[in-house]
Amino acid sequence: MRTTGPEIKQPDSAFFKLARTGRFEALLKRLDDQFLVEGTGSKVEKRSYYDTFDWRLYRRKLILYRCGSRLILQSTRGRRIASVAGRKRSRYFWWDIPVGELQNQLRDCIDMRALSPVISTLSMVDLFRVMNDERKTVARIGLQQLVRDDGDEHNPLETIVVEEIRGYDTSFRNIVQHCLDLGLRKVGRHSETTRILKRSGRVPGGYGGKFDIGLERTISIGDAVSIICLHLLADMERNLEGIVADIDSEFLHDFRIAVRRTRSLIDLFKKILPATVTGHFENEFKWLGTVTGPVRDIDVYLLTKNDYLNMLPPTLRPGLQLFFDELREKRIEELKRLHSHLRSPRYQSLVEDWRRFLNDKEGRLYNGQLLGSCKTCADAMIVKRCRKYIRSGNAITDASTDEKIHRLRIQGKKFRYLLEFFKSFYDESNMTVIVKQMKMLQNNLGEFNDLSVQLRLLNGRLDLLRGRSLKTIRLAAALGGLITVLDAKKMQVRNQFASTYEQVSSTPIEAMLSDMVWADARSDGADR
């Protein structure tokens, strides 16, 4: 009977970092006393590694690389998951991959992000087989030298790889012990991948994930504002190149989030920050949010293109395709306009002046009330904003206008930003529960707002249609059909608000926050 599954022990492998010259020759000399060691040649392999800008593959312990004509996805532990032959590209979206397991894996993992080259490597491996007295192969050894494929051969990564042959696990363990006895440092396969990716100059996993800044509980308001805003400014600058190169839509999305968070933090401390300074920067960041809006609005439509097409019967889809063709043309114009704004002296001055203000330890950010405790200030703001948000939520009825719901969404977004800015001050488990409940309601409000914005754009485009050409008729029919479907969906989301809000409000968020804040305040007082 054939044995399958976990009962079969897979051959093991071990990796050793080679930091000193002569160590590999010393290993071969040691093995000669116990085994027959024979060279079997060498091989050269070129690989190009890909990941999204925010490391979505790496965060899931996945690696995608191109070798020859194939794209290969494997785990960081070396297990091959899927591969496919395909045309070489400067970047890949999941829909660029042929239909199959690799496309499915990437779609679930990267969503709308592009896979761009992280680093290309050239590895040269000298291969050896280790044999017993009967000349049966009991293990394989490789000496791998890995360099960047850009002509830079300085400081190659040198690794010894020992591979087990099934049935000879004792010999494998023996060879591994020889390596350890020689002082070679064993590293994991995941560690090797990290070492390779670091050669790109980027920190694997260094960007992306949740907003997370650890602030000391004794930090002053000025220092906290400086640290948070410099972090957000760095996010803006990291995403700028991707916006200009138009790699994928998420560079602009992340850029805008950093701008919104910055505006929110200025607003939080508006009463104690220097008015002349905050007034200027408040206006400039508002301008930046405005000029980046049109491209983002179009991107939202283009990202939902397939969903919109599937909402309509096949006879109306060609007309809607005309609408998306128009959007692509308009996006080209709006992107050029955005690039001019981001290259303008106004933008450069904003970035330079903001950085100078945040870094000036002798400036107006570090005197008066701004020298006070940030945590004490955050305690009061969190409780106050929570109560205001709950009052606004309780006031929403079936008769409430879209504008009132929109204002509640903005309140909730600013409140969530406040919690994220200062979550390191408080109990992590309680904060996780509160943020999770907030996110549930914000998702409902966000979907409602997106549908409202989309309907306004569609109705506006429909109002501009003139003439009786076949193209106009098809476009009008498609827009009208989509407006009908989206309006029904908007009503459905609106009707879900009450149940979603009830579910959130049934969790005593205000009481949890008050207990958490004031318990910490009492604890701080006791410590002092």
Side-chain angles (χ1 to χ4, degrees), residues 10-35 37-51 55 57-65 67 72 74-80 118-130 138-165 168-206:
Q10 297 300 314
D12 201 355
S13 56
F15 298 78
F16 295 89
K17 182 178 178 181
L18 198 60
R20 293 166 55 191
T21 58
R23 294 291 88 187
F24 185 67
E25 290 75 9
L27 174 63
L28 294 182
K29 185 176 180 180
R30 272 192 175 223
L31 295 180
D32 270 341
D33 294 337
Q34 188 176 353
F35 302 99
V37 182
E38 183 178 273
T40 59
S42 60
K43 64 178 181 179
V44 177
E45 184 177 86
K46 179 179 178 179
R47 290 186 178 186
S48 295
Y49 291 82
Y50 292 81
D51 208 332
W55 300 98
L57 294 181
Y58 182 81
R59 291 179 188 281
R60 293 199 184 188
K61 294 183 170 51
L62 295 173
I63 305 165
L64 180 73
Y65 63 90
C67 184
I72 299 163
Q74 67 179 43
S75 73
T76 52
R77 300 181 68 85
R79 181 178 66 87
R80 182 173 291 200
V118 178
I119 187 172
S120 292
T121 62
L122 199 64
S123 66
M124 293 150 281
V125 185
D126 295 323
L127 303 168
F128 299 83
R129 61 173 177 167
V130 182
V138 297
R140 291 190 177 89
I141 298 177
L143 172 62
Q144 175 180 275
Q145 285 190 318
L146 188 142
V147 297
R148 284 175 50 163
D149 185 31
D150 59 1
D152 181 10
E153 298 185 7
H154 298 292
N155 301 318
L157 291 178
E158 292 189 306
T159 307
I160 295 175
V161 184
V162 183
E163 295 181 351
E164 179 186 5
I165 301 296
Y168 294 97
D169 53 321
T170 301
S171 297
F172 171 76
R173 289 196 299 270
N174 196 347
I175 297 170
V176 167
Q177 189 58 52
H178 280 302
C179 293
L180 294 173
D181 291 343
L182 283 169
L184 299 175
R185 185 164 69 87
K186 189 175 182 181
V187 294
R189 190 184 292 264
H190 183 272
S191 174
E192 281 300 283
T193 304
T194 303
R195 290 173 69 205
I196 292 169
L197 296 178
K198 279 183 177 179
R199 285 287 173 113
S200 68
R202 294 175 58 195
V203 179

Contacts of R202 that satisfy salt bridge (Lys or Arg N to Asp or Glu O under 4.0 Å) - sequence neighbours left out
none
Intermediate values then yes/no, side chain to side chain contact (heavy atoms under 4.5 Å, CB included), L197 and D51
CA-CA 10 Å; L197 296 178; D51 208 332; 5.7 Å; no
Show, in sequence, the C-alpha distance, side-chain angles and deciding distance for Q145 and D126, and conclude whether the side chain to side chain contact (heavy atoms under 4.5 Å, CB included) test is met.
CA-CA 9 Å; Q145 285 190 318; D126 295 323; over 6 Å; no
Pairing residues for E25 by the side chain to side chain donor-acceptor pair (under 3.5 Å) criterion, not counting sequence neighbours
none
Tell me every residue that passes ring pair (Phe, Tyr, Trp, His ring centres under 6.0 Å) with F172, counting only those two or more places apart in sequence or in another chain.
none
Got a sec, which residues hit ring pair (Phe, Tyr, Trp, His ring centres under 6.0 Å) with Y58, two or more places apart in sequence or on another chain?
W55, H190
Taking ring pair (Phe, Tyr, Trp, His ring centres under 6.0 Å) as the test, write out the residues that go with Y168, two or more places apart.
none
Out of curiosity, T159 OG1 to L18 CG, how far, rounded to the nearest 0.5 Å?
8.0 Å
When rounded to the nearest 0.5 angstrom, what is the spacing between CD1 in I165 and CZ in R129?
10.5 Å
Distance from L27 atom CG to L143 atom CG, nearest 0.5 Å?
10.0 Å
Nearest heavy-atom pair of I175 and A139: which atoms, and what distance?
CD1-CB, 3.5 Å
List in chain and number order the residues that pass salt bridge (Lys or Arg N to Asp or Glu O under 4.0 Å) with R30, two or more places apart in sequence or in another chain; answer none if no residue qualifies.
D181
Contacts of type side chain to side chain donor-acceptor pair (under 3.5 Å), residue K46, not counting sequence neighbours
D149
dist C67:SG -> Y49:OH (nearest 0.5 Å) comes out at 9.0 Å
Verdict with reasoning, F35 to F128, per ring pair (Phe, Tyr, Trp, His ring centres under 6.0 Å)
CA-CA 12 Å; F35 302 99; F128 299 83; over 10 Å; no
Is there side-chain contact between V176 and D12, with at least one heavy-atom pair below 4.5 Å?
no
Checking D33 now: which residues fulfil side-chain contact (heavy atoms from CB on, under 4.5 Å) with it, not counting sequence neighbours?
none
Answer yes or no: is there a side-chain heavy-atom contact under 4.5 Å between L157 and T121?
no
Residue pair R23 / L184, side-chain heavy-atom distance below 4.5 Å
yes
Can you tell me how far CG of L127 sits from CD of E38, rounded to the nearest 0.5 angstrom?
12.0 Å
Counterpart residues, side chain to side chain donor-acceptor pair (under 3.5 Å), relative to R140 (two or more places apart)
none
When rounded to the nearest 0.5 Å, the distance separating CG of L182 from CD1 of I160 is 8.0 Å
Non-neighbouring partners of R185 that pass side chain to side chain donor-acceptor pair (under 3.5 Å), sequence neighbours left out
none
Shortest non-hydrogen separation from V162 to C179 and the atoms involved:
CG2-SG, 4.3 Å
Minimum heavy-atom distance P156-R199, with the two atoms named
C-NH2, 4.0 Å
Tell me every residue that passes salt bridge (Lys or Arg N to Asp or Glu O under 4.0 Å) with R47, counting only those two or more places apart in sequence or in another chain.
E45
By ring pair (Phe, Tyr, Trp, His ring centres under 6.0 Å) - contacts of F16 (at least two apart)
none
Taking it one step at a time, do T76 and I63 satisfy side chain to side chain contact (heavy atoms under 4.5 Å, CB included)?
CA-CA 6 Å; T76 52; I63 305 165; 3.8 Å; yes
Looking only at heavy atoms, which two atoms of Q74 and R80 are closest? And how far apart?
CB-CA, 3.9 Å
